[in-house]
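Working notes, structure below.
Residue numbers begin at 1 in each chain, while the letters A, B, ... track the order of the sequences.
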Amino acid sequence: MGETHQMGREIAKAYEPQQIEPQWADFWVKEELFKADPNAPGPVFSIVIPPPNITGSLHIGHMLEHTEIDILTRWHRMLGYNTLYLPGTDHAGISTQRVVVKHLMDRGIDYHTLGREEFEKQVWKWKAEAGSEITRQMKGIGESCDWSRERFTLSPEMSRVVREVFVRLYEEGLIYREKRLVNWCPVCLTVLSDLEVVHEERQGHLWYIKYPVVGTKEFLVVATTRPETMLGDTALAVNPEDERYTHLVGKKALLPLMNREIPIIADAMVDREFGTGAVKITPAHDPNDFEVGRRHKLAEIDVMTDDGKMGAPAGAYAGMDRFEARKKIVEDLKALGLLEKITEHTNAVGLCERSKTIVEPRASTQWFCKMKPLAEPAIAAVERGEIQIVPDNRREEYFNWMRNIRDWTLSRQLWWGHRIPAWYCNENKHVTVAREKPGKCATCGSANLEQDPDVLDTWFSSGLWPFSTLGWPEETADFKKYYPTSLLITGYDILFFWVARMIMMGIHFTGKVPFRAAYLHSLVRTGSGEKMSKSKGTGLDPVALNQQYGTDAMRFCLASMAAPGTDIVLSEDKLASARNFANKIWNAARFLFLNLDKFEEGGAKLEELATPEARAKAPYAYQGSVPLVDQWLYSRLASTIELVNDALTNYRFHEAAQGVYQFFWGDFCDWYIEWVKPDLQSADREQATIVWKNLFAAFDDALRLLHPFMPFLTEELWHQLPQRSGGKSIALDTFPTARKAWAQEKIVDAVDIFTQIQGVITALRNIRAEMRLDAKKKVPAQFWSTAELIRNRVRIESDAITRLAVLSELKISPAALGQVGGSVRSTAQFDVRIAYSDTVDATAEKARLKKEIEGLEKAIASKERQLGDETFRSRAPEKIIKGLEATLAGQRIELQKLKDRLSQLEKGS
RNA sequence: AGGCCCGUAGCUCAGUUGGUUAGAGCGCUACCUUGACACGGUAGAGGUCUGGGGUUCGAGUCCCCACGGGCCUACCA
């Protein structure tokens, strides 16, 4: 640079996000730009974050989720909504406890020795140190949250809400304490809800065990997948209809190894087809057996210990690991001759979601929540459309699960979480459930009380999140203004864990749905289709990638792949492509700044261009009319704005992103900037100014259109642009509107003509490339068209065409182009020719023509066939027929031209 | 066991009520270091939409079957 005529401002040649992002991230937080005001005007858009675990750091799934949330939030804010994006974190019971336990272990500390109180202190300490990582990262990626309203699911305020809800549900009889068969994790040492158990198909065996029938020489053979549980058998059962066994019902069998007599009973639950049609009943270790046991008043013998070993009731096997015991028992049975056979059998084993240990079904006393009464109104609300679930195939999943819902196991044997607000008197074990620690037992008045040691499932407090965060049960200004929230965006993998429970709790406690819509986003997967996971080492680290490619590039990349209902496979080349786009925007701005002098020489004040009134004036006319290229560009801009609004309304992020990409790169940069370049240099100062103002106004709109997707880059450029009089940040500026004037009929015609001129230029460039002309060599060309409108336009725009197609001149032919010399391109509307005969490769040209003719003939034939069909003509809509006919007519003309040209060439050679 | 989703260009994926020669990014080929940008420009090659059957004037798009891949729910011992 450094040329003397260069008077514009200059910015760096390449966009360097690392230099720019941190300062704006700080700016947004420090200036509290996104602080919500319940008294502010405008329609409401409110959204609460799916609170990330405090154990976590930002992973690629968050990045996608937060990008989608932030795009919609920023978009609504710019559209003038009263906007709240409420951030927060989740205490994540089991996860956090596991992490801190391990953390302590690494320092040689066994958490048991600390005791509960000290352990909790340690977790809070850990949270203070490491737990804010994720919020720090969220600030770093520029999420437009209201940080003054940040919440934590285990804060004292949230605890109050949790206790309030628990007590109310208890008083309504929905929460109860009972001995039932539950899922026990021998590693996490806690009970789990059904949802926390993941199933996996495994190859196992079916062992056929012979139980001697007492007082006979007969055996009753039963098949089992879990021989070790036989130590807890309290009956054998057969189907009452099964004649094979009717004579045995009422008799007793001798339980091998334990030498215990157990009854042989009849129960309809037994499937006659499976195995031998006889089954062992172990009420303490199998859900079905538990039911049977209750029906027949059988004893429940838990033969195991908390950590998955055999317990005292297992007799000789006590102390053995449950799977060791299995082997030993099988051996012992074999030795006794009581093992009839072993067959292969695959079945689904339940694993603990966290530790991947095989879950042990056990009879245990726990707190439960009755779900049916809560589920019914939640089903109805979705059926009535009060909550829209997107994509809608998830609706069916929701209904399915909700209609078959089972009671929720609420208690967890952990130290980290909301402690269950229930107290037991030591004298009589009466239960007192209360909001605050009671002075005495509600039943017997005893003052000797002890609180239930267990905590609540993490998802219990999560289920209250949309209203607990807004101040419920108080009727706060926030609650009144922002509840129900507008939208929930989360992963489909927690539809049941979280979304369904929020809907149930929300409706039950506030009488209103917690959100109007739930958009379930995609999962980000690895190339091989797995869910990306840091623990498996298959994840991409978004923080490092943001650093490398820029957060805007990451956001744009994810948005452009985020088609609803389909999972995403992220790769670095896609990120690179998004980074290139950011650089393209940066350089378009750079071009604008370098030409700033064109405007300043005009003596106008730049600030005046950014007012709403000035924005509404663009595009400006020159010599009485808006230039053709501006009519076209602004029309494209208007339709892009409409497309983006429409796409975002329907969560079609990919369409919105691809739309702005296409507009900015394909239209604005490739055509518009290239087209107006020489006009900016025009000696006519008025013209140069108008051109710059139109360029500026389009860019200004494009920048605001891009902002929800690429907040950093657009904020930076917005501040560099001379338009700061309007406010503090582009985020608080207005979203561009598609002005109606741009959609006028006159402009539609202009757009059509411009598109044809683009076709003329492309055709000429194509000839040049085919002829292998030197890219810089200017050659003469001819143009011909029967349509006067286009001929006139081509004449007017001749300078641009000759420049963009690198011509020495473009001659408008008075008559149809002859078939001599050079190369011709034809459409139905026009023909162009470059006469440069010495380099024409006739063979290649003929091949090209033949190929095109072939394609056209196929297209024409199929149309002729269709149009000739009477049924088609009578049934297809008018619009389709007319369109087809018009296209056909054009194609016939084009085909004729191509054929003429080909025969000419063939004669010539 | 039940349910859902996917199979479109070499790769990764779009394709909203069925309708005129099926699109994008990356990669590839040729040319171009042109005063915004080589993280760039111009032009181009490349799919008949997994296979089979059906509905329809017309199907990538709807229905059925098969094959291949993924996911979810489920107390069959």
Side-chain angles (χ1 to χ4, degrees), chain A residues 1 3 6 11 13-15 181 194 199 206 222-226 237 269-271 273-275 278-282 286-291 345 347-348 350 361 393-394 396-397 400-401 404 492-493 495-496 523 525 527 529-531 560-561 563 565-571 573-574 576-584 586-595 650 652 654-655 658 661-662 669-670 673-674 677 762 765-770 772-776 804 806 855-856 858-860 862-863 866 869-877 879-881 883-888 891:
Chain A
M1 293 296 147
E3 306 274 338
Q6 182 52 262
I11 59 175
K13 202 169 176 183
Y15 175 52
L181 205 101
D194 294 333
H199 296 272
L206 211 46
V222 304
T224 178
T225 54
R226 305 198 51 206
M269 151 271 194
V270 180
D271 178 359
E273 307 303 317
F274 190 89
V279 62
K280 60 194 233 16
I281 301 296
T282 322
D286 180 276
N288 284 315
D289 294 4
F290 184 79
E291 298 298 322
H345 183 73
N347 62 334
N393 59 313
R394 300 285 168 197
E396 288 310 312
E397 263 177 46
N400 243 316
W401 190 75
N404 298 302
Y492 61 77
D493 52 335
L495 176 61
F496 309 134
L523 262 33
R525 298 188 181 279
E530 285 175 279
K531 183 172 162 182
S560 58
M561 294 191 296
T566 56
D567 287 342
I568 287 175
V569 178
L570 186 68
S571 61
D573 61 329
K574 287 174 188 158
S577 152
R579 176 207 54 196
N580 296 353
F581 182 49
N583 188 242
K584 191 74 180 176
W586 179 262
N587 274 287
R590 188 164 179 269
F591 175 75
L592 207 60
F593 296 142
L594 289 172
N595 288 285
N650 295 299
R652 304 180 68 81
H654 68 303
E655 272 185 15
Q658 285 164 16
Y661 183 95
Q662 174 55 40
C669 293
D670 288 348
I673 287 184
E674 293 306 323
K677 268 178 183 174
T762 304
R765 284 168 170 173
N766 175 273
I767 297 176
R768 296 184 54 99
E770 292 278 331
R772 303 195 188 281
L773 293 184
D774 181 323
K776 281 167 293 185
L804 294 174
V806 201
L856 260 183
K858 260 168 79 180
I860 288 171
S862 92
K863 278 190 197 64
Q866 229 180 341
D869 186 334
E870 272 316 306
T871 343
F872 170 73
R873 298 201 80 100
S874 60
R875 297 200 188 178
K879 201 181 117 201
I880 297 295
I881 297 175
L884 224 49
E885 281 171 340
T887 313
L888 178 60
Q891 287 178 336

Which heavy-atom pair separates A:Val806 from A:Ala775 by the least distance, and what is that distance?
CG1-O, 3.7 Å

Between B:G40 and B:A36, how far apart are the two C1' atoms, rounded to whole Å?
10 Å

What's A:Asn766 touching, base or sugar-phosphate or nothing? Going by heavy atoms closer than 4.0 Å.
sugar-phosphate

Can you see whether A:Tyr15 engages A:Asn580 through a side-chain donor-acceptor pair at a distance of less than 3.5 angstrom?
no

In whole Å, I'd like the distance from the CD atom of A:Glu396 to the P atom of B:G2.
18 Å

Determine the contact category for A:Ala348: base if any of its heavy atoms lies under 4.0 Å from a base atom, sugar-phosphate if only primed atoms, P, OP1 or OP2 are that close, otherwise nothing.
base

A:Lys863 to A:Leu884 - nearest heavy-atom pair and separation:
CD-O, 3.9 Å

Taking the same atom, P, in B:C6 and in B:U17, what whole-Å distance lies between them?
14 Å

Nearest-Å distance, CG (A:Leu495) to P (B:G3)?
19 Å

Could you check whether A:Gln662 gets within reach of a base, just the sugar-phosphate, or nothing at all, counting any heavy atom under 4.0 Å?
nothing

If you check the A:Val569 side chain, which of B:G19, B:C37, B:C13 turns out closest?
B:C13

A:Lys776 vs B:C32: side-chain N/O to OP1/OP2 distance below 4.0 Å:
no

Looking across every strand, which nucleic acid part, if any, lies under 4.0 Å from A:Gly883 by heavy atom: base, sugar-phosphate, or nothing?
base

Send over the distance from A:Leu570 CG to B:U12 C1', rounded to a whole Å.
11 Å

Give me the distance, rounded to whole Å, that separates B:G47 from B:C28 when you measure between the C1' atoms they each carry.
15 Å

Counting distance alone, no hydrogens or angles: does the base of B:U21 have a donor or acceptor under 3.5 Å from a partner atom on the side chain of A:Gln891?
yes

Check whether any side-chain N or O of A:His345 sits under 4.0 Å from OP1 or OP2 of B:A77, and answer yes or no.
yes

B:C37 OP1/OP2 closer than 4.0 Å to side-chain N/O of A:Lys584
no

Under 4.0 Å, heavy atoms only, any strand: does A:Leu592 hit a base, just the sugar-phosphate, or nothing?
nothing

Can you figure out which of B:C72, B:G19, B:A77 approaches the side chain of A:Pro877 most closely?
B:G19

N/O (side chain, A:Lys677) to phosphate O (OP1/OP2, B:G35) under 4.0 Å
no

Using atom P of each nucleotide, how far apart are B:C39 and B:G23 to the nearest Å?
30 Å

For A:Ser560, which contact category applies under a 4.0 Å heavy-atom criterion: base, sugar-phosphate, or nothing?
nothing

Of the nucleotides B:U73, B:C37, B:A77, which one has an atom closest to the side chain of A:Asn583?
B:C37

Need one value for A:Asn347: base, sugar-phosphate or nothing, where a base atom within 4.0 Å counts as base even if backbone is also close, heavy atoms only.
sugar-phosphate

By nearest atom, which of the nucleotides B:C72, B:A77, B:A74 is closest to the A:Val279 side chain?
B:A77

Identity of whatever pairs with B:G68 - Watson-Crick or G-U, under 3.5 angstrom
B:C6

Paired to B:A14 by Watson-Crick or G-U wobble criteria (both distances under 3.5 Å) is none

Can you confirm whether A:Glu291 sits close enough to A:Met269 that some side-chain heavy atom of one is under 4.5 Å from a side-chain heavy atom of the other?
no

Against the side chain of A:Asn587, the closest entry in B:A77, B:A36, B:A14 is B:A36

Between B:G60 and B:G52, how many Å separate the two P atoms, rounded to a whole number?
13 Å

Expressed in whole Å, how much space separates the C1' atoms belonging to B:A14 and B:U73?
30 Å

Which listed nucleotide (B:C72, B:C37, B:A77) is nearest to the side chain of A:Asp286?
B:A77

From the options B:C39, B:C5, B:C26, select the nucleotide whose nearest atom is closest to the side chain of A:Asp573.
B:C26

Given B:G44, B:G25, B:A77, the nucleotide with the shortest approach to the side chain of A:Ser577:
B:G25

Which is true for A:Pro361 with a 4.0 Å heavy-atom rule: it touches a base, it touches only sugar-phosphate, or it touches nothing?
nothing

At 4.0 Å (heavy atoms only), tell me whether A:Gln866 reaches a base, stays on the sugar-phosphate, or touches nothing.
base

To the nearest angstrom, the CD-P distance between A:Glu397 and B:C72 comes to 10 Å

Do you know the tightest heavy-atom contact between A:Ala876 and A:Ile881?
O-CD1, 3.7 Å

So, is A:Ser862 near the phosphate of B:U20, with a side-chain N or O under 4.0 Å from OP1 or OP2?
no

Sugar-phosphate only, base, or nothing, as touched by A:Asp670 at under 4.0 Å among non-hydrogen atoms
sugar-phosphate

Look at A:Arg765 and B:G41 and indicate whether a side-chain polar atom (N or O) is within less than 4.0 Å of OP1 or OP2.
no

Could you tell me whether A:Tyr492 contacts a base, only the sugar-phosphate backbone, or nothing, with contacts defined as non-hydrogen atoms closer than 4.0 Å?
nothing

For A:Leu804 and A:Arg765, the nearest pair of non-hydrogen atoms, with its separation, is O-NE, 3.1 Å

For the pair made of NZ in A:Lys13 and C1' in B:G40, what is the distance, rounded to whole Å?
10 Å

Are A:Glu397 and A:Arg394 ion-paired here, with the side-chain N under 4.0 Å from a carboxylate O?
yes

Euclidean distance, atom CE of residue A:Met269 to atom P of B:C76 [Å, nearest integer]:
11 Å

Output the rounded distance in Å from CZ (A:Phe581) to P (B:A36).
19 Å

Counting just side-chain N and O atoms, does A:Thr762 come under 4.0 Å of either OP1 or OP2 of B:A43?
yes

In Watson-Crick or G-U wobble terms, with both distances under 3.5 Å, the base opposite B:C49 is none

Please determine, for the side chain of A:Arg652, which listed nucleotide (B:A36, B:G15, B:C31) has the closest atom?
B:G15

With a cut-off of less than 4.0 Å, is there a side-chain N or O of A:Asn400 near OP1 or OP2 of B:C72?
no

Which pair of non-hydrogen atoms, one from A:Thr282 and one from A:Lys280, has the smallest distance, and what is that distance?
OG1-NZ, 2.8 Å

According to the Watson-Crick and G-U wobble definitions, with both distances under 3.5 Å, which nucleotide is paired to B:G44?
B:C28

Please confirm whether A:Phe274 and A:His345 have ring centers closer than 6.0 angstrom.
yes

Between B:C4, B:C32, B:A36, spot the one nearest the side chain of A:Asn393, thanks.
B:C4

Mate of B:U20 across any strand shown (Watson-Crick or G-U wobble, both atom pairs under 3.5 Å) is none

Inter-nucleotide C1' distance (B:U42, B:U48), Å rounded
29 Å

Starting at CZ of A:Phe591 and ending at P of B:A36, how long is that distance when rounded to a whole Å?
6 Å

Roughly how far apart, to the nearest Å, are B:U20 and B:G41 at atom C1'?
33 Å

Please name the nucleotide paired to B:A1 by Watson-Crick or G-U wobble geometry with both distances under 3.5 Å, or report none.
B:U73

Under 4.0 Å between any heavy atoms, over every strand shown, what does A:Glu655 touch: base, sugar-phosphate, or nothing? Just pick one.
base

For B:G40 and A:Asn580 - does any side-chain N or O of the residue sit under 4.0 Å from the phosphate oxygens OP1/OP2?
yes

